[in-house]
Participant: 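What follows is a structure written as structure tokens; I'll ask about it next.
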Number of protein chains: 2
Amino acid sequence: MANLLHANCLMCRMKSDIFTTLNDSELNRVNDCRVSIKYHQGEIIFKQGSPCHDFVCVTSGLVKLYLEGEGDRRIIIGFARPVDYIFVPGAFSDKRHHFTAVACEESTACLVEVDIIQDLLKTNQEFASSFMTKVSEQAIGLFEQLTSFTQKHMPGRMAEVLICLSQKIYQSNPFITSLTRQDIADMSGMTKESAIRIMKTFKDEGLILTEGNSIEILDFSRLETISRNG
Amino acid sequence: MANLLHANCLMCRMKSDIFTTLNDSELNRVNDCRVSIKYHQGEIIFKQGSPCHDFVCVTSGLVKLYLEGEGDRRIIIGFARPVDYIFVPGAFSDKRHHFTAVACEESTACLVEVDIIQDLLKTNQEFASSFMTKVSEQAIGLFEQLTSFTQKHMPGRMAEVLICLSQKIYQSNPFITSLTRQDIADMSGMTKESAIRIMKTFKDEGLILTEGNSIEILDFSRLETISRNG
DNA sequence: TATTCGGGGTGATCTATGTCATTCAAAAAC
DNA sequence: GTTTTTGAATGACATAGATCACCCCGAATA
């Protein structure tokens, strides 16, 4: 299943932003231990609790990142799209993954040994600096998710998720999604049944239009109001 | 109100772990722009949304860090105790504070310009590395809080908070706390009334003993079971 | 001394949301 | 071409937990 995407990192036009801070010799070091892997829909890239050996950079498709709680309940904390690398906090503390990454659709990713990346962080300040920014933004995102989940009601959370899908993840409206209703529920901290119900009320009120995997936002500003007022 | 604690950073036996990675000249640079401030109970050290100019290191007392949502609701995401520095993710992205820091009791803190710290991160790899570890651990803590808040019921969350207070924050049992019931509620994602109610049931069941600001855990293992089973 | 005020504590409601059970359609498997 | 599986959709019901309204008490304040 392993499948080379590009001859090497130097030529790669798919490389993540932070790699632009690396010089040729540094890129070659990365390239030497890089493998490109193709994942089918639903396949696990790494699993919460397992040791983290590799740094993952998504080059095609869509990958969901989620926390696994007791009894099958999941919380989606984010997605990785081309070209995002996945920041794994465990790499800097207990060498374990603290969330699971799964391909939502046919996806490819480059894997690089974490040791190499950590070496580069030590020698290349610019690289380290853009890394810190990424990490910080992830933390800020978690703050917002925590506030939203504990303080907003279901319609507010759902409105937020729909806006996020259209603006950030798919960057189009309408958008065709490979996410299930369960995934949307996991993004908004509710059960699948509740997610479907809220989406139906939104549909009945003319806020959105859904047809299978296609979702269109009809009244953006009203949806934003709902998202703000919880 | 400003009040010098120590002549300078070199002599300071109160300095945070990460500063042990700095040499004398680096410590002097930190010292040159360092101010030590004394805060009274309830005083704000920095406020969510405000620009972040300073790196804060708590040298005495207890500081709570919380997210402010709509309508007065708060979520305590952590505490800073001697000698902790407060990681401010905004320093690496939008230069804004994303949570508020308030002294729970009489506290002192050293403030250092963020620019100095960011310079040091660029020049001292060891310093940067221990910084990354700290950031990562904060992210992992947020994952746990998010899972707990969305998946556990009130008794589970309260049990968790009580154990955390005794083991991590005060490291004693019984412990005398300067936190109000509202603070405990903000830590466990519930209203003050609910927090009081749950604590009463714990008291009635012989799990804990409370008297004013003193809390004692009587049955640790049963509390842990409750915390694990939600 | 009288009074205000902040925090702790309690009970009576109300409701947002989870749970469970069931149907339906489409896709996949045999 | 049946049969099985999977996800979407919907209704009935139960309940965890918020909200509101109130009391009590000690400390600060007038």
Side-chain angles (χ1 to χ4, degrees), chain A residues 40-42 64 69-75 102 104-105 147-159 161-162 176-204 208-215 226 229-230, chain B residues 40-43 64 69-75 102 104-105 147-162 176-204 208-215 226 229-230:
Chain A
H40 293 296
Q41 183 172 45
K64 62 180 171 188
E70 304 298 315
D72 291 349
R73 295 202 59 185
R74 296 168 178 176
I75 303 163
V102 167
C104 296
E105 52 196 59
T147 321
S148 170
F149 273 31
T150 50
Q151 305 195 345
K152 285 185 184 174
H153 285 174
M154 295 202 299
R157 266 141 50 203
M158 180 57 74
V161 163
L162 292 172
I176 313 285
T177 179
S178 53
L179 301 178
T180 64
R181 305 295 144 136
Q182 183 66 60
D183 286 330
I184 293 176
D186 292 343
M187 288 178 75
S188 36
M190 60 184 79
T191 59
K192 187 187 61 173
E193 292 92 329
S194 293
I196 290 169
R197 256 186 275 271
I198 303 281
M199 285 175 75
K200 183 176 163 55
T201 67
F202 282 4
K203 198 175 176 179
D204 291 347
I208 61 168
L209 199 139
T210 65
E211 206 172 317
N213 293 329
S214 159
I215 299 177
I226 293 173
N229 301 345
Chain B
H40 293 296
Q41 183 172 45
E43 283 182 348
K64 62 180 170 187
E70 303 299 314
D72 292 350
R73 294 201 59 184
R74 296 168 178 178
I75 303 163
V102 166
C104 296
E105 53 195 60
T147 323
S148 171
F149 274 30
T150 50
Q151 306 195 344
K152 285 186 183 174
H153 285 174
M154 295 201 299
R157 266 139 52 202
M158 179 57 75
E160 207 168 5
V161 163
L162 292 171
I176 314 285
T177 179
S178 52
L179 301 178
T180 63
R181 306 293 144 137
Q182 183 65 59
D183 286 331
I184 294 176
D186 292 344
M187 289 178 75
S188 35
M190 60 184 78
T191 59
K192 187 189 65 175
E193 291 93 327
S194 292
I196 290 171
R197 256 186 273 272
I198 302 283
M199 284 175 74
K200 183 175 161 58
T201 67
F202 281 4
K203 197 174 178 180
D204 290 347
I208 61 168
L209 199 139
T210 67
E211 207 171 315
N213 294 327
S214 158
I215 299 177
I226 293 173
N229 301 345

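Atom set for the values below is all heavy atoms of this structure, side chains included, hydrogens, waters and symmetry mates excluded. The sequence lines fix the lettering, A, B, ..., with proteins before strands; numbering per chain opens at 1.
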Participant: Does OP1 or OP2 of D/dA18 have a side-chain N or O of B/S194 closer than 4.0 Å?
Facilitator: yes
Participant: Does B/T191 make a side-chain N or O approach to OP1 or OP2 of D/dA18 shorter than 4.0 Å?
Facilitator: yes
Participant: Between C/dG18 atom P and B/Q151 atom CD, what is the distance in whole Å?
Facilitator: 11 Å
Participant: Can you check the B/I196 CD1 to D/dC22 P distance for me, whole Å?
Facilitator: 18 Å
Participant: Quickly work out the A/I198 CD1 to D/dA9 C1' distance and round it to whole Å.
Facilitator: 14 Å
Participant: Starting at CZ of A/R181 and ending at P of D/dG7, how long is that distance when rounded to a whole Å?
Facilitator: 12 Å
Participant: Ignoring hydrogens and angles, tell me if any N or O in the side chain of A/E70 forms a donor-acceptor pair with the backbone of B/Q151 under 3.5 Å.
Facilitator: no
Participant: If you go through the side-chain atoms of A/R197, does one of them form a donor-acceptor pair with the base of D/dG11 closer than 3.5 Å?
Facilitator: yes
Participant: What's the CE-P distance between B/M190 and C/dA16, to the nearest Å?
Facilitator: 20 Å
Participant: Rounded to whole angstrom units, what separation is found between the CG atom of A/D72 and the P atom of C/dT19?
Facilitator: 12 Å
Participant: Taking B/K152's backbone N and O only, do any of them form a donor-acceptor pair with B/R157's side chain (distance below 3.5 Å, no angle check)?
Facilitator: yes
Participant: Is B/Q182 atom CD crowded by more than 12 heavy atoms from other residues, nucleotides or ligands, each under 6.0 Å away?
Facilitator: yes
Participant: Donor-acceptor pair, A/S188 side chain versus A/M190 backbone, under 3.5 Å?
Facilitator: no
Participant: For the side chain of A/E193, starting at C-beta, report the closest nucleotide among C/dT19, D/dC20, D/dA16.
Facilitator: C/dT19
Participant: At less than 4.0 Å, is any side-chain N or O atom of A/K200 found next to OP1 or OP2 of D/dT10? Yes or no.
Facilitator: yes
Participant: Output the single nucleotide from C/dG8, C/dA21, D/dA21 whose closest atom is nearest the side chain of B/T180.
Facilitator: C/dG8
Participant: Regarding C/dT17, can its base be found pairing with the side chain of A/R157 as donor and acceptor, where the two atoms are less than 3.5 Å apart?
Facilitator: no
Participant: Tell me: CD of B/E211 to P of D/dG26, nearest whole Å?
Facilitator: 13 Å
Participant: Can you check the A/L179 CG to D/dA8 C1' distance for me, whole Å?
Facilitator: 15 Å
Participant: Are the side chain of B/Q41 and the backbone of B/C104 linked by a donor-acceptor contact shorter than 3.5 Å?
Facilitator: yes
